[in-house]
Amino acid sequence: MAQTTKSSITIRSTNPKFMKARPNAPAQNNTWRSLVWQIRSASVKYGKVQFALQTRYSYSANESLGLCHFVFGTSWQLFGPQHKADLMAAATGWDVTLAELQALGRRRVNLMRAFNAREGLTRAEDTLPEKLFKNPLQGGRSDGLLIEREELADGLRLYYHAAGWEAETGMPTRTTLEEVGLAWVADALGI
């Protein structure tokens with residue numbers, strides 16, 4: 001099975017075409033280039049995590065507002081993000097900004113996470129189906145790719161950090177809950 005590194009993520013591939021189609025990291029004997037590659041890769045990875053988190057906040061706001069994901073989804077094919085705020089202003093008469101809608105989504109995500117923690121869900125439930133770790137994807141540009149458990153764990157660590165959650169438990173910190181106006185939830189959970 002061939003391996004390559006892209007954006008500091010080790011990708012196992014059973015497809016030889018994959019190896020030719022994607023560049024490898026710089027040779028390890030060139031320390032400076034390798035260091036630059038690692039820094040750039042870490043930045044790209046953290047950027048992906050930030051994008052995923054902001055997307056989650058956006059979807060959470062959509063769900064709170066009763067907006068359709070097909071119309072106001074992340075691809076923004078029909079309407080852009082600002083249209084969501086404009087729609088709310090037109091429907092309610094409130095002067096709502098996109099940042100406020102993202103804050104609404106952030107608050108909801110943290111409330112749901114705290115609820116799940118109260119009900120006994122932990123970081124252990126933040127995983128993917130077993131088949132995604134064992135069976136290579138088939139067809140398209142992702143043909144032959146597998147997800148590495150270590151990469152998922154690293155991505156979760158970055159995600160938890162970006163969300164303001166405890167790395168060991170995936171639970172929102174008291175500071176995070178206070179930032180989003182949920183100090184009462186932190187009190188109820190004893191954190």
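Scope of the values below: all heavy atoms of this structure, side chains included, with no hydrogens, waters or symmetry mates.
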Practice problem: Take atom CD of E178 as the centre, draw a 6.0 Å sphere, and report whether it contains more than 12 heavy atoms from other residues, nucleotides or ligands. | Solution: yes
Practice problem: Run the numbers on L101 and V96 for side-chain contact (heavy atoms from CB on, under 4.5 Å), then give the verdict. | Solution: CA-CA 7 Å; L101 294 180; V96 179; 3.6 Å; yes
Practice problem: For side-chain contact (heavy atoms from CB on, under 4.5 Å), just list the numbers for R106 and E179, CA-CA rounded to whole Å, side-chain angles, deciding distance to a tenth of an Å, and then say yes or no. | Solution: CA-CA 10 Å; R106 180 179 180 216; E179 285 175 4; 2.8 Å; yes
Quiz item: With a 3.5 Å cut-off and no angle check, do the side chains of T173 and T176 form a donor-acceptor pair?
Solution: yes
Quiz prompt | Note, K134 side chain near L146 side chain (heavy atom, < 4.5 Å) | solution = no
Quiz item: Do the rings of Y159 and W165 sit parallel, tilted or perpendicular, given the 30° and 60° boundaries?
Solution: perpendicular
Quiz item: Are Y160 and I191 connected, step by step, through hydrophobic side chains (Ile, Leu, Val, Met, Phe, Trp, Tyr) whose heavy atoms are closer than 4.5 Å?
Solution: no
Quiz item: Pick one: which of T97, L104, L98 meets side chain to side chain contact (heavy atoms under 4.5 Å, CB included) with E100?
Solution: T97
Exercise. State, yes or no, whether a side-chain contact exists between L111 and L177 at a heavy-atom distance under 4.5 Å.
Key: no
Quiz item: Are E130 and R149 ion-paired here, with the side-chain N under 4.0 Å from a carboxylate O?
Solution: yes
Exercise. Consider only side-chain heavy atoms of I, L, V, M, F, W and Y, link residues closer than 4.5 Å, and tell whether L87 and W94 are in one cluster.
Key: yes
Quiz prompt | Non-hydrogen side-chain atoms of D187 and R174 separated by less than 4.5 Å | solution = yes
Exercise. Could you walk me through whether F115 and L121 pass side-chain contact (heavy atoms from CB on, under 4.5 Å), step by step?
Key: CA-CA 9 Å; F115 174 86; L121 297 171; over 6 Å; no
Practice problem: Could you tell me whether the side chain of Q50 reaches within less than 4.5 Å of the side chain of L158, counting heavy atoms only? | Solution: no
Quiz item: When rounded to the nearest 0.5 angstrom, what is the spacing between NE2 in H161 and CG in L156?
Solution: 14.5 Å
Quiz item: Taking C-beta and beyond as the side chain, do S58 and K84 meet within less than 4.5 Å on heavy atoms?
Solution: yes
Quiz item: Does a side-chain heavy-atom distance below 4.5 Å link V109 with V180?
Solution: no
Self-check item: Enclosure of N135 CG (heavy-atom neighbours >12, cutoff 6.0 Å)
Solution: yes
Self-check item: Chi angles and distances behind the side-chain contact (heavy atoms from CB on, under 4.5 Å) call for L128, F133
Solution: CA-CA 8 Å; L128 297 170; F133 298 112; 4.2 Å; yes
Quiz item: Taking S60 for the side chain and R56 for the main chain, is one N or O donor matched with an acceptor at less than 3.5 Å?
Solution: no
Quiz prompt | Rounded distance [0.5 Å steps], CG in L152 versus CZ in R157 | solution = 12.5 Å
Practice problem: Drop me the distance from M171's CE to N116's CG, to the nearest 0.5 angstrom. | Solution: 10.5 Å
Quiz item: Hey, what do you get for CD (E166) to OG1 (T122), rounding to the nearest 0.5 Å?
Solution: 13.5 Å
Quiz item: Which pairs pass salt bridge (Lys or Arg N to Asp or Glu O under 4.0 Å) with one or both residues in residues 115-128, sequence neighbours excluded?
Solution: R113-D126
